[in-house]
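Order of the sequence lines fixes the chain letters, A, B, ..., with proteins taken first and strands second; residue numbering starts at 1 for each chain. The figures here come from the full heavy-atom set of this structure, side chains too, leaving out hydrogens, waters and symmetry mates.
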Number of protein chains: 2
Amino acid sequence: MPTPPYRLIADELRRRILSGELAPGDTVPGENALVAQYSVAAETARKALGVLAAEGLTEARRGSGTRVREFRPILRQATKRLAAAQWAQGRSIWQADLDQRPMSVDSLTVTEQPCPEHVAAALGLEPTEPVWVRDRRYLVEGQAVMLSTSYLPARLVAGSAITAPDPGPGGIYARLAELGLGPVRFREQVRARMPLPDEAAALGLALGAPVVLIVRYAYSEDGLPVEVNEMVLDASRYLLEWEFPA
Amino acid sequence: MPTPPYRLIADELRRRILSGELAPGDTVPGENALVAQYSVAAETARKALGVLAAEGLTEARRGSGTRVREFRPILRQATKRLAAAQWAQGRSIWQADLDQRPMSVDSLTVTEQPCPEHVAAALGLEPTEPVWVRDRRYLVEGQAVMLSTSYLPARLVAGSAITAPDPGPGGIYARLAELGLGPVRFREQVRARMPLPDEAAALGLALGAPVVLIVRYAYSEDGLPVEVNEMVLDASRYLLEWEFPA
DNA sequence: GAGTGGTCTAGACCACATT
DNA sequence: ATGTGGTCTAGACCACTCA
């Protein structure tokens, strides 16, 4: 089974991208160029370009052309309190090129709802017990990079500033602490997969861009879960980090 | 800009999959069925099926058909020593369906090499100082699920069992401890992206399956990095977990 | 052998961006 | 206006699986 032409073309273009011959931002040879160069039908050239786009290496813009994408990740340090200077020795393999632009929030909504089934089990609630839901979207320079949905049991947080759009200084964890529920431990579970259409739309994702799903469980001193936070991240924009003792 | 037919067809099939009407393992309507049902050309029907495959929802097999994929993740608990029973309260949103089959290793190689540039900086080594490289592939029931490459400075580990294929009881961390380099802290950095062709081949990945990259840095009591471990995981097979204090 | 997915072609029309 | 990518068609050949 010989390698089909569209793959050979894709392989060649990929090689040129990974070798740096085609740098981030550069325009990749278009359909017409490939048709002329390799003597194939336009559809075949398109398919080759589609492979690169699906791999997340390029980004096509109608009317303009196809360009090499760049990877400038935001460093998310989940355990940053532990990241003492003494452990800073040893560079990161990826850390060269970090996106340091400030992050903002748009479309924040805070509502009281019956608890979704899958969250109820995690919070130890009855199926439709009320929860406060905090929904937000994070942007970097107008570009959405993360969606976040927090669930907090209504019977624990009712009447607190947690139910207000602005929970005040220190955020909801400071308010939880004031209620004697101060989270003392977190558990984060992480998956990666291709986005569903609505996720792709909400994050403005290019083709071939996977998402990272993080679910954070916050526990109080009693060992009770007090918050579940579901996050959806544009994988191409994030470098995630955890530190922990042996 | 009306939604093109191939997307409408894909949307409908996706709905049926996500609603559970088409369960994991079920056969999805094929090209011919879609051509007949929607009165479109075969290529258009194929493209619709291609969308689902690229989203990782289905898996096509030549001669057989296209089936709904299943997600049975392996739970990787990076900080499992911390996962005391007291914090076990609160179920996971995803934990319902874990893959509990045993993991095995094949194609283990241990060699001494000049240190690759990107690793040298992380280990604080001169550009081509020698390192021992431990390369392995992990399987679950014959299916590759993870690739792992460990780098250890030769001047630290030369002569120890770390340079042998079988490092003995407790693995390389036990040997490092005996050398007074026992890792006391770890840092893990995580990314997700689409696989390169060689990664896809080594892991036997289906189309539309992203990979998760993990780089683990192990630090000795002195704060010196003693190991860098680069891992490539089949994202569809893993659920990653970290626990940490507030 | 019938049915399935995988690839290719030649030609067509459209939407959009740049000049 | 020209060139770019996005979609569709009708027909073809191949490789594989399954009954």
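Residue B/N32 places none of its side-chain N or O atoms closer than 4.0 Å to OP1 or OP2 of C/dG3. At C/dT7, one or more side-chain N or O atoms of A/K47 fall inside 4.0 Å of OP1 or OP2 (strictly under the cut-off). Contact between the side-chain N/O atoms of A/T44 and the OP1/OP2 oxygens of C/dT9 is found at a separation under 4.0 Å. Between A/T66 and the phosphate of D/dT4, there is no side-chain N or O to OP1/OP2 separation shorter than 4.0 Å. Here A/Y6 reaches the OP1 or OP2 of C/dT7: one of its side-chain N or O atoms lies under 4.0 Å away.
When rounded to the nearest whole Å, the span between CZ of B/R46 and C1' of D/dA15 equals 13 Å. The CD atom of A/E31 sits 5 Å away from the C1' atom of D/dG5 (whole-angstrom rounding). As rounded to whole Å, 12 Å separates atom C1' of C/dG5 from atom CZ of B/R67. Nucleotide C/dC13 holds its P atom 19 Å from the CD atom of B/E43, rounded to whole Å. In this structure, CD of B/E59 is placed 16 Å from C1' of C/dG6, rounded to the nearest angstrom. At whole-Å resolution of the value, CZ in B/R62 and C1' in D/dC13 are 13 Å apart.
Among D/dT7, D/dG6, C/dG5, the nucleotide with an atom closest to any side-chain atom of B/R7 is D/dT7. Nearest nucleotide to the side chain of A/A41, out of C/dA10, D/dT17, C/dT7: C/dA10. Nearest nucleotide to the side chain of A/A60, out of D/dG5, C/dT9, C/dC8: D/dG5.
Without hydrogens or angle criteria, B/T44 side chain to B/V40 main chain gives no donor-acceptor distance under 3.5 Å. Proximity of a side-chain donor or acceptor of A/R134 to a complementary backbone N or O of A/W132 within less than 3.5 Å is not detected.
Mapped onto DNA chain C by nearest heavy atom, A/R61 and A/S39 fall at different nucleotides, with A/S39 at the one closer to the 5' end. Summary of the strand contacts: B/L49 and A/P5 both lie near DNA chain C, and taking for each the nucleotide with the nearest heavy atom, the more 5' one is attributed to B/L49.
B/D135 and B/S148 share no side-chain donor-acceptor pair at under 3.5 Å.
Remark: A/K47 does not engage A/E31 in a salt bridge, criterion side-chain N to carboxylate O under 4.0 Å.
The cationic group of B/R76 does not satisfy the cation-pi geometry with B/Y238, failing either the under 6.0 Å distance to the six-membered ring centre or the 45° limit from the ring axis.
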